[in-house]
Amino acid sequence: MVRDYEGMERRWQSKWEERGLGRADRDEGRPKFMIIFAYPGVTGFLHVGHLRGYTYADAIGRYKRMEGFNVMFPVGTHATGNGAISLAARVSRGDEGFIDYLVRNGCPEDRLGELKDPAGAVEFFNSVYVEDYWKRFGFLADWRRFTSTVRPDYGKFIQWQFRKLSEAGLLIQKPYFSAVCPHCGPVAVDASETDISKGGGAETQEYTLLKFKRGGEFLVAATLRPETVYGQVCFWVNPDVTYSKIKKGGEVWIVSPEAERKLMLQKDGVERVGQIPGRDMVGWMCEAPMIRREIPVLPAAFCDPDVGTGLVTSVPSDAPDDWMSLAAAKAGAADSYGLPQELLDSIVPIPIISIEGYGEFPARDAVERMGITGPGDPRLDEAKKQVYKDGYHMGRMRETCGPFSGMRVEEAKDKMRQAMIDSGEAELFYDLTEEVVCRCGERVFIKRIDDQWFVDYGNAELTERTREHSRSMDIMPPEYRENVRGVLGWFRERACVRQGNWLGTRFPFDEKWIIEAISDSTLYPLYYIISIYANDGRISPENMGEEFFDYVVLSRGTLAEAAAATGADAGVLEDVRRDVGYWYPLDVNLGGKEHMTVHFPVFLFNHRAILPDSMQPRGILVNWYVTGKKDKISKSKGGAQPIRGAVREYGADGMRLYYAHVASMFVDVEWSGEAVEMYGQRLERVMSTIEEALSADRESPEGLDRWLASAFASRLEGFRKAMDRYDLRQASTIAYFEMLNDMRWYLRRGGGSRAAARDAARTWILCMAPVTPHSAEELWAAAGFEGLASESRLPPAGERDGAAEYGEELLKGLISDVAQIRKVAGSGAGRIIVYTAPSWKREVLRIAAGMGSVDIPSLTKACMADEGLRRNGKAVSEFVKKVAPEISRSVIDAGAASSLDEAALLRSAAGFLSAELGAEVTVLSADGPDLYDPAGKSRAASPGRPAILLE
RNA sequence: GCGAGGGUAGCCAAGCACGGAAACGGCGCAGGACUUAGGAUCCUGUCCUUAGCGGUACAAGGGUUCGAAUCCCUUCCCUCGCACCA
């Protein structure tokens, strides 16, 4: 049967909407449950991966609703930053590739104009997320509470958050080094290149500037390896570059013009006082820092004026470039400068670091291994990295390194740098590893920002209190529960504001700053409780000053005071306050694994820093990704399966089931359309089986209805347990596989009583409702059950019937055994004889069932006390030896096995068995008189495992 | 390097926090059923052996235990994070 997914989905979605199922209103008589997922950033279309986590949140919310909770599941978007700005800019300048991407994902061409404005882009995508993704997937969210971080009311909340952080003494100011465009202000340098047009792979490196004294001036070299200063033997200058002399703090420095420009952004009072060609510096002597030794200045072409300061100190022992250039200079490359040969000869490398696997000069070993022969070799870069990496992680300082001898390189590096900074021989300097160009076309540099604000997440008391609280939380997966404490521990100050062309909230203490993207998106679950009042106009942003939130969130002051201070209606204020008290704390914050090191820790910190004990979050749930064939199907690459097309093709329920069941929440899954299709078919089968069950109307074989009820009671119990620990996969296995098998067995066995089938179907459909709600409603309506499945309660736990379950297992086992035997025996049998266990064996099990713990000696003893059994002593003790361990391991349910009349059951099922096995089935009791048993099989018969003879 | 996680049958993937039946499922494959036909559906099988009850198995090797994929130790291999990116 081909179903019209979209029509069916829309039909039920509008029913839910009519009934207001997603709406969450305070109801003090009912327990509440509040769940959110970390809202997405507004940077374009989402892909099928994002819906994985969102679907989990909806399914959990639906389940809780069906268990009687008043559920709040709100949604929103995060538009802070420059995602929307750069998006708008790309549309404005007619970026073809980007516009093509938009159109491919379903953006109507006549709406492209709206996207030229960042605010328009935000609104456009807000609507895409809500209408095309979340509603289309059938989420029962409270749409009235939708909010976005760039809305004015949200901004008021964030400003309040920062006032409270300040109150708690957690806002601090100190200098900070950030990538900045001279026009646009601070930019994000990352692989997505949203702010920049070139250099997304660049990293910020911390150089140590080393000052080499010559007369009253300093030649300034930049190094990443301050630990190598003991190996300095000469100094490199590029003879073809004209260097700048700059004044810096009363000193005169010589650096490249590029470095001069960079230094002006990072140091105070830098100005140019002269110039000098590099050529003129060749042959100078200068005093190296730390070692205070005079070393010569030599020419080297590899000195790039745009890297560091364009001047380089030479440590040939550990720097492949230096090693090659020194060799070249000695071999005559420096001849034209008239340097005395004795001087060149006197320059000999000094071994300073010992690394396992290397000799006394790691640089020499590296170049030799790679077969590098000259200074211009491009592989020198790789050699450099290798030596650096090995040296840093495995090296130790040799005895040539004065007080640092014997130290591990990792440690010596910091100590030596600090020592030189303290003695005034060195300073720090930051630079990007490659050229970075802003979208506006300007070059991006690292700039010092003096009055940068930070949130002090390194605060020891806050850290401790936050860790303490995290211990009491429900955090999944369990590894993360442990790990999060570590993450909280290493968190330090975090820059929380920035300048430039950014969307976001103004920093309340200095309006030139805008609060950055993490800081404004971690306390926000709380705001969903309030956003509804702003959205429907009961409160306006003007009412939302500090006193407003102080009152409604922290219950500070009196209602009258709050009403007077805020200008808001007192009744409304009181409602908001009571709402907050009712809904908070948040029960589950669900987010992708990328949040583990940033969002979740800050989420915990902010709650702990600002809110009282009673409002601390209760749970965190982390979901892993859906990945593409090769790499992550990221938003920025745009190549992922668009959601619109996918949901049309596979159906919302098919995709929801795929997400829920394809793997545990805590592993990455590779997207596969085929797999989704499989789940669609699976769902189809479930539906048609339920439909078949609902239409059943015949008499079931004796006991089978009791079995069905018992089986579904057991499934329901398992389903609840799984859902209660948010194990959607296990729950789905039960609802879409195990229940299906049970029902199919029931029908196959000839079951079909109307009442029993409908009862089971009711439970079954309700178990489907969290993950595949549309299909569930469809079936619910077809069955004629009252109301909507989504607003029904899950039935209470049902009664189990051990004997009935045992009996059906017996039949399944028997069929399987016969098939096994047939397989190895070759041909099929004409007649099947089944021998049930003799009554004395059942008697043994009956005795065992009455005992607490069962072991061989005690069971044997107990059996021998029985006169009837004692007559059969030898066989009994043998049987006990075999069966006692199985009972104690609960392989066998002794109670059920002994109480069931197997012979009667098998005889009554003989017709069924004959049909199933395609052969006449005769049931005999192993202790019957005049037993027909030509092969002596009957001796093997035991309860639960009848003996079989194929003829 | 530091921190974390993992290696399960042809493939994907549960189980491992609380050790107890060759190890949930799915896909693939094989046989059968239903069919004009079937990529649809249903049944059965799918480590070796064998008329079902045996053997060997959960990266490799040791250990603890009556019993280990599950606990401990060693080795090999593979991911991920290391920050200002929701």
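Chain letters run A, B, ... following the sequence lines, proteins first, then strands; residues in each count from 1. Atoms considered below: every heavy atom in the structure, side chains included; atoms not considered: hydrogens, waters and symmetry mates.
- Straight-line distance between the P atoms of U41(B) and A51(B): roughly 36 Å, to the nearest whole Å.
- Residue whose closest nucleotide on RNA chain B sits further toward the 5' end, between Thr733(A) and Lys937(A): Thr733(A).
- For the C1' atom pair drawn from G10(B) and A30(B), the interatomic distance equals 14 Å after rounding to whole Å.
- Between G25(B) and C80(B), the two C1' atoms lie 27 Å apart (nearest whole Å).
- Using a 4.0 Å cut-off between a side-chain N of Lys or Arg and a carboxylate O of Asp or Glu, Glu808(A) and Lys812(A) do not qualify as a salt bridge.
- Contact annotation: Arg396(A) side-chain N/O to G1(B) OP1/OP2 distance is not under 4.0 Å.
- The distance between atom CD1 of Ile734(A) and atom C1' of A14(B), rounded to the nearest whole Å, is 13 Å.
- Applying the ring-ring contact (aromatic ring centres under 6.0 Å, His included) rule to Tyr176(A) yields the partners Phe454(A); only residues at least two apart in sequence or on another chain are considered.
- Across all strands, Ala947(A) comes closer than 4.0 Å to base atoms (heavy-atom distances).
- Evaluation of the side-chain hydrogen bond (donor to acceptor under 3.5 Å, both in side chains) rule for His78(A) yields Asp520(A) as partners, not counting sequence neighbours.
- Comparing the same atom, C1', in G3(B) and in A83(B) gives a spacing of 13 Å after rounding to whole Å.
- Nearest heavy-atom pair, Val626(A) versus Gly49(A), reported as atom, atom and distance to 0.1 Å: CB-CA, 3.6 Å.
- The nearest whole Å value for the distance from the CD1 atom in Ile821(A) to the P atom in A51(B) is 11 Å.
- Taking atom CE of Met678(A) as the reference point, atom C1' of G25(B) lies 14 Å away to the nearest angstrom.
- Partners of Arg471(A) according to the side-chain hydrogen bond (donor to acceptor under 3.5 Å, both in side chains) rule, which considers only residues two or more places apart in sequence or in another chain, are Glu468(A).
- Using a 4.0 Å heavy-atom distance criterion, Ile518(A) is classed as a sugar-phosphate-only contact.
- Scanning for ring-ring contact (aromatic ring centres under 6.0 Å, His included) contacts around Tyr658(A) gives Trp671(A), with sequence neighbours left out.
- For the pair Arg396(A) (side chain) and Ser354(A) (backbone), a donor-acceptor distance under 3.5 Å is absent.
- In terms of the ring-ring contact (aromatic ring centres under 6.0 Å, His included) criterion, Tyr835(A) has no residue partners (sequence neighbours excluded).
- Side-chain polar atoms of Tyr625(A) and Glu594(A) form a donor-acceptor pair below 3.5 angstrom.
- C18(B) sits 16 Å from C73(B) when the P atoms are compared, rounded to a whole Å.
- Between the CG atom of Leu917(A) and the P atom of G32(B) there is a distance of 18 Å, given to the nearest Å.
- Partners of Arg729(A) under the salt bridge (charged side-chain N to carboxylate O under 4.0 Å, His left out) rule, at least two apart in sequence or in another chain, do not exist in this structure.
- As rounded to whole Å, 7 Å separates atom C1' of A83(B) from atom CZ of Phe491(A).
- Checked against G25(B), G52(B), A86(B), the side chain of His661(A) finds its nearest nucleotide in G25(B).
- At a threshold of 4.0 angstrom between heavy atoms, the contacts of Pro477(A) with the nucleic acid are absent.
- Taking atom P on both U44(B) and C24(B), the two are 15 Å apart, rounded to the nearest angstrom.
- Looking at residues two or more places apart in sequence or on another chain, you find no salt bridge (charged side-chain N to carboxylate O under 4.0 Å, His left out) involving Arg744(A).
- Separating the P atom of G5(B) from that of G67(B) is a span of 29 Å, rounded to the nearest Å.
- Checked against salt bridge (charged side-chain N to carboxylate O under 4.0 Å, His left out), Arg225(A) has the following partners two or more places apart in sequence or in another chain: Glu227(A).
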Collect all protein-nucleotide pairs involving nucleotides 10-13 of chain B in which both atoms are nitrogen or oxygen and the distance is under 3.5 Å.
| unit_1 | atom_1 | unit_2 | atom_2 | d |
| --- | --- | --- | --- | --- |
| A13(B) | O2' | Arg729(A) | NH2 | 3.3 |

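- Within the 3.5 Å criterion, the main-chain N or O of Ala79(A) finds no donor-acceptor partner in the side chain of Thr77(A).
- Taking every side-chain heavy atom of Ala517(A) into account, A86(B) is the closest of G25(B), G28(B), A86(B).
- Rounded to whole angstrom, the span from the CG atom of Leu683(A) across to the P atom of G26(B) amounts to 15 Å.
- Here His595(A) lies in heavy-atom contact (under 4.0 Å) with a base.
- Here A59(B) is in the anti range [glycosidic angle more than 90° from 0].
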- Task: Summarise how protein sits on nucleotides 40-45 of chain B as a single string, 5' to 3': B when a protein heavy atom is under 4.0 Å from the base, S for sugar-phosphate-only contact, - for no contact.
- Result: -SSSSS

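- Between C84(B), C85(B), G52(B), one nucleotide has an atom nearer to the side chain of Thr597(A) than all others, and that is C85(B).
- Phe737(A) comes within 4.0 angstrom of the backbone, heavy atoms only, and of no base.
- Checking Tyr736(A) against His661(A) by side-chain atom types alone, no donor-acceptor pair falls below 3.5 Å.
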Listed pairs, N/O of protein and of nucleotides 7-9 of chain B, under 3.5 Å:
none

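- For RNA chain B, if you chain together Watson-Crick or G-U pairs that step i with j, i+1 with j-1 and so on, the runs of at least three with distances under 3.5 Å are B:1-7 with B:76-82, B:10-12 with B:25-27, B:28-33 with B:41-46, B:59-63 with B:71-75.
- In this structure, Leu949(A) places its CG atom 13 Å from P of G52(B), rounding to the nearest Å.
- When atom types are taken as modelled, the side chain of Tyr430(A) and the backbone of Ser178(A) share no donor-acceptor pair closer than 3.5 angstrom.
- Counting to the nearest Å, the C1' atom of A86(B) and the OH atom of Tyr528(A) are 11 Å from each other.
- Heavy-atom distances to RNA chain B give each of Gly592(A) and Pro946(A) a nearest nucleotide, and the one nearer the 5′ end belongs to Pro946(A).
- Listed here is the closest heavy atom pair of Leu171(A) and Cys496(A): CD2-SG, 4.4 Å.
- For the C1' atoms, the distance from C43(B) to U36(B) is 23 Å, rounded to whole Å.
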